[in-house]
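Residue numbers run from 1 in the order of the sequence given.
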Amino acid sequence: MNFLKRLVALLVILTMFVSVTSFANEPTDIFSYLSSLGIMIGDETGDFREEDILTRAEFSAIAARLLRIPDIKQAQSFADVPADHWANGYISQIYKMGIINGTGNGLFSPDDPVTYEQAVKILVGVLGYGAEAEKNGGYPAGYLKMGVSLNLNKNLELKGGSLLRGEIAQLVYNTLQAYPLTNYGTPD
C-alpha cells in the first residue's frame with residue numbers, strides 16, 4: 001500500500017512538472033496568463049504581436065503593472081515625457097521608486113526600444129534586488145548577474161538587438177516565477 005501511495009504521488013508531481021514546463025514554453029499561454037493578470041495586454045483587437053519591438057514606455061507600464069501601480073498622471077519627470085503622455089503616470093511613479101532611470105540630460109527616451117539589459121535592470125528592481133545588484137557591479141553587469149541567479153533568462157532565446165514582445169513576456173513570466181509579486185499566483 002505504501003508503494004502505491006508513493007507511485008501516485010510521483011505521478012502527480014510529474015504531471016504538475018510537465019504541465020508547468022509546457023506552459024512556460026508556449027508563448028500564447030504565457031500571454032494569456034499575463035493578460036489575465038492585467039500585466040501585458042494585446043492591442044485593440046487583442047493581438048499580442050509577439051514579434052513587435054517593445055518601447056521603454058511600454059516596458060515601464062508593464063513594470064508598474066507588476067507592482068500593481070495604477071496609471072495616475074504625475075508631474076513631468078522627464079523632458080521628453082510630457083504630463084499628457086499615455087505612460088506618464090507609470091514612468092513617473094516607478095522613477096520615483098528608483099526602479100528606472102533616464103537616458104541622460106533629463107530625458108527618458110520613451111519611444112526607444114527597450115534592451116535586454118534595461119529590462120533585466122528594471123525587473124531586478126521590481127523584485128527588490130536593486131541594492132544587491134548595485135553592490136555586485138551595478139548596471140549592467142550586477143543586474144545581469146542577479147537576473148541569472150533569479151532565473152529571469154529561463155526559456156529565453158534572444159534574437160539579438162531590441163527585445164520583442166514575446167521575449168518580454170517570457171522575462172515577465174520568469175519574474176513572476178522567481179518571486180510571485182503581490183500574490184499574483186501561479187498558472188493552473
Taking every non-hydrogen atom, the tightest pair across [X] and [Y]:
| X | Y | value |
| --- | --- | --- |
| A63 | I122 | CB-CG2, 3.5 Å |
| L127 | A178 | CD1-CB, 4.4 Å |
| A169 | F31 | CB-CE2, 3.5 Å |
| E117 | P140 | CG-CB, 4.0 Å |
| K73 | A83 | CD-O, 3.6 Å |
| Y139 | Q118 | OH-CG, 3.5 Å |

If hydrophobic clusters are built by linking Ile, Leu, Val, Met, Phe, Trp and Tyr wherever their side-chain heavy atoms come under 4.5 Å apart, do [X] and [Y] end up in the same one?
| X | Y | answer |
| --- | --- | --- |
| V81 | Y90 | no |
| V148 | Y129 | no |
| I100 | L107 | no |

Handout entry: D43 and T45 side chains, donor-acceptor separation under 3.5 Å
Key = yes
How many angstroms lie between atom [atom1] of [X] and atom [atom2] of [Y], to the nearest 0.5 angstrom?
| X | Y | atom1 | atom2 | answer |
| --- | --- | --- | --- | --- |
| S92 | D71 | OG | CG | 9.5 Å |
| I168 | L54 | CD1 | CG | 5.0 Å |
| S149 | N136 | OG | CG | 8.5 Å |
| L67 | I39 | CG | CD1 | 9.5 Å |
| I30 | L171 | CD1 | CG | 10.5 Å |
| I99 | I91 | CD1 | CD1 | 13.0 Å |

Contact between [X] and [Y] at the side-chain level, heavy atoms closer than 4.5 Å - yes or no?
| X | Y | answer |
| --- | --- | --- |
| Y116 | L144 | yes |
| T175 | L150 | no |
| D80 | S109 | yes |
| E167 | L164 | yes |
| R65 | L37 | no |
| I72 | Q93 | yes |
| F59 | L163 | no |
| L123 | N174 | no |

Handout entry: Pi-cation contact, Y143 with K121 (under 6.0 Å, within 45°)
Key = yes
Fill in the blank from the handout: Sorted by chain and residue number, the side-chain hydrogen bond (donor to acceptor under 3.5 Å, both in side chains) partners of S60 (sequence neighbours excluded) come out as none
Practice task
Under the side-chain contact (heavy atoms from CB on, under 4.5 Å) rule, what do T103 and F108 come out as? Steps first, then yes or no, please.
Solution key: CA-CA 5 Å; T103 54; F108 182 69; 5.7 Å; no
Exercise for the section: Please answer whether the main-chain N or O of A79 pairs with a side-chain N or O of Q76 as donor and acceptor at a distance below 3.5 Å. Expected result: yes
Handout entry: Polar side-chain atom of R165 near backbone of F48 as donor-acceptor pair, under 3.5 Å
Key = yes
Exercise for the section: Check step by step if side-chain contact (heavy atoms from CB on, under 4.5 Å) holds for Y173 and M40. Expected result: CA-CA 10 Å; Y173 177 81; M40 246 181 124; over 6 Å; no
Exercise for the section: Considering only NZ, NE, NH1 and NH2 on the basic side and carboxylate oxygens on the acidic side, decide whether R56 and D111 come within less than 4.0 Å. Expected result: no
Exercise for the section: Can you establish whether the number of heavy atoms outside I41 located under 6.0 Å from its atom CD1 is more than 12? Expected result: no
Handout entry: Atom CG of N105: over 12 foreign heavy atoms under 6.0 Å
Key = no
Exercise for the section: Let me see the working for D112 and T55 under side-chain contact (heavy atoms from CB on, under 4.5 Å), right down to the final yes or no. Expected result: CA-CA 5 Å; D112 284 0; T55 67; over 6 Å; no
Practice task
Check the pair L34 / L176 against side-chain contact (heavy atoms from CB on, under 4.5 Å), numbers first and verdict last.
Solution key: CA-CA 10 Å; L34 295 176; L176 289 171; 3.8 Å; yes
Problem - F78 and Y95: CA distance, side-chain angles, deciding distance, ring pair (Phe, Tyr, Trp, His ring centres under 6.0 Å) verdict - result: CA-CA 10 Å; F78 297 98; Y95 170 70; 4.7 Å; yes
